[in-house]
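In what follows, chains are A, B, ... by sequence order, proteins preceding strands, each numbered from 1. Bear in mind that the values here come from a model prediction, so they are computed numbers and not experimental data. Computation of the quantities below employed the complete heavy-atom set of this structure, encompassing side-chain atoms and omitting hydrogens, waters and symmetry-equivalent molecules.
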Amino acid sequence: MENLKDILILGIETSCDDTCASIVLNGSKILSSVVASQHEIHEKYGGVVPELASRRHVEIIDIIIKEALFQANVNLNEITAVAVTNRPGLVGSLLVGVGAAKAIAYAKNKPLIAVNHLKAHLFSNFLENQDLLLKFDSKFIGLIVSGGHSSIYIVDLKALEGSGSSTSLNRSSVSKISKGLGNSTDLKGLKGLKGLKGFKDLKGLKGSKSLKIDKWHVEQIGHTIDDAAGEAFDKIARFLGLGYPGGPIIDKISKSGDPKSIEIPRPMINSSDYNFSFSGLKTAVIYKTKKEPHLLLPENIPNLVASFQEAIVDVLVKKTILACKNYKCNNILISGGVAANSRLREVFLNQASKENINVFIPSLKLCMDNAAMVACLGYYEFITGNVSDFNIDVYSRSDI
Amino acid sequence: MIKNNREGLKKLYILGIDSSTKKLIIGINKELNLLAKVEIISDKGFMINIITLIDKLLKKTKLNLSLIDNFCVNIGPGDFTGTRIGITVAKTFGLVENKNVVGISTLDVFGFQVFLNNFSEISNKLLKGREILIIPVLDVKREELFFSVYRAKLELLKSKDYFEEWWKKYCKDEDCKNKDYKNEEKIAGDIIGFKDFKGSLIYLEKVSQDFLVDNKNFQNMLSEKLNKIKNFVIADIYLCGTAFNFYKNLYSAIKKYKTFSTNKLDFFLDKNSTVPDIKALNLCAYFKIKKEIAAFKTNSNMSISSAHSVSAHNAHNVSACNASAYNASGYNNVFSDYKARRIVPYYVRDFIHFENKK
């Protein structure tokens, strides 16, 4: 293969309460991933306060970007494109990241790529395991569980069935185009701002036979009808006075408790759809402690939270595997903050292996919000020509 | 005016962004002159339009971003979303181009705007020995007003070198950092800007901290604060700002207020200064930058070592480029001065969570 040009993407993610920036090489190698968490700010409120999150993002966004560049030992001129989350999320937070990304892209004449946060979560699996794209048959059931989302998706990558060699052929054609982009005279077209003329050629790739990534079909088939799973963790932790964020704390305490000791309902576990409801579960726990106050004694807390966690995990696992069976799919992609839960990982792997299903969960750091996944998705969007113009806005809600 | 620090010095280009109101205004200054400005009125379109607008302005002035020496931005108090967009973009440009970014408060912009708009009148009055105060008053919602007091002063330029000495004296203590407007001692005598007038120099200085008051209690508070700052018995006071748009009776209420009339205080309302002006913003930034350069030169004893022999207007960037330990936030690698130059929106009140509001 002749000199494939490396594609370096700067990813920026500020959709909720973490300010993140990352440099990723060719969609797979993380050169840096900086995450500035705001937990200490939101701790006393027991949940993310959008106004405070936005204030903090503005304060540190430039420092975080600078840090990511420094750690990767890369300067902005070497970056191929800038990818940023612009939907869905807290509007006040998103606009800080998008504002910074626009400014960098404009000042340095780089393509700007608007990225969907949820899609990026699903793609965090490909970041660590790029071979997944080619090795397995192209259908995945995706589960995103976090403080803001609990949804099941079908990820159909059928278009990717081509052999490895034809993929690299395409990458070399991409490299030719990106080489052209390195030419400063070509780049002037960029400043016209209307449709990024310089990238028209790139869009030709869409028609190529083996790499129709833009045709990847991601469809939501189920979602929570009230609280997200992470939200339920936070609320129960808050109710029990355990602290914030609730997920990791409950995960830790549960290890010394018996998950079968207290009977907790599994809402909607037998419904035929793929929807969840966690608000009732939280209320059930609270009512139970009112009826049986001894459950709130310190020695009973581990059993209580372990049982509560088990209920959430059971519902998530059962519905996801149900989706696999109904859609005749043998692969599961899991991501989101709750995917860092050790019990969830354990039960998922156990259950799935019984059913002969492959489960892919990113490493703990990539489960949480991070910019590496944004840069990773940005890479795939870039090589398929999905480049945004400078008029992009931010959106609080969005389908994939 | 200000003499260039060295012969053949490149002219200073400043790009200013004001997104603190319903209007997004962007302008470019070359030294003291506004070259061009562009603006849109839009409630939500700032995020969508800001880059396109900056591009339009740069094309209009036939400049490109790398030729801009300094970025400045109105940090409010103002629209939360707007100031955040403006500050983020200005800051990021500063980061990308490795240029200085200056944040200016809306009150400073209004103060200097009134100073410029009424310059000949103010200077004539000063020559006759009158005291001149400028008081911008902002409507900051929840029935509250936000104001600060500025004073115009006259300095006779006795000799050729007098200006240099005067300027040096004022810049000596300037610490190159954003002022903490809540700390009164730090503000006294902070010069916002100046202009020469018939062989003398007329300058505007900030003489109070910023105050948040209940609108019904405004006259009371104003008279109390004026007494505290200095016993102004006879003075001409110029008022301006968004509060007079919002509270139509405020001006007449101030005029009628007894303590003021017995003290022979005359009030004038500058009706043209209801929206912050981009030229005033850029000029505030210009003087702030000049102060920083002068302070830098004073602190480094004017030594021109080879490492520091960059053009003088870039001198302040030298300190910003010293990569050294920065441990405060756990990030060791970013430039030490970055924290000092942290530009954040100016919030009038501390954040109160809805649960604690009662």
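Heavy atoms of A:I392 lying under 4.5 Å from chain B belong exclusively to its backbone. Contact of A:I65 with chain B is made through the side chain alone, with heavy-atom distances under 4.5 Å. With a threshold of 4.5 angstrom between heavy atoms, A:V49 approaches chain B through side-chain atoms but not through N, CA, C or O.
Taking the six-membered ring for Trp and the full ring otherwise, B:Y13 and B:Y286 have centroids separated by 6.0 Å or more.
Of the listed residues (A:E59, A:H57, A:K102, A:R55), the one with the most heavy-atom contacts under 4.5 Å to chain B is A:R55. Note on A:N75, A:I61, A:V96: by heavy-atom pairs under 4.5 Å with chain B, the leading option is A:V96.
In this structure, A:R238 fails the cation-pi test against A:Y244, since its NZ or CZ atom is not both closer than 6.0 Å to the six-membered ring centre and inside 45 degrees of the ring normal.
Within a 6.0 Å radius of CZ in B:F246, no more than 12 heavy atoms belonging to other residues, nucleotides or ligands are found.
Under a 4.0 Å N-O distance rule, the pair B:K11/B:E31 does not qualify as a salt bridge.
Judged purely by atom type and a 3.5 angstrom limit, A:S54 has no side-chain atom pairing as donor or acceptor with the backbone of A:P50.
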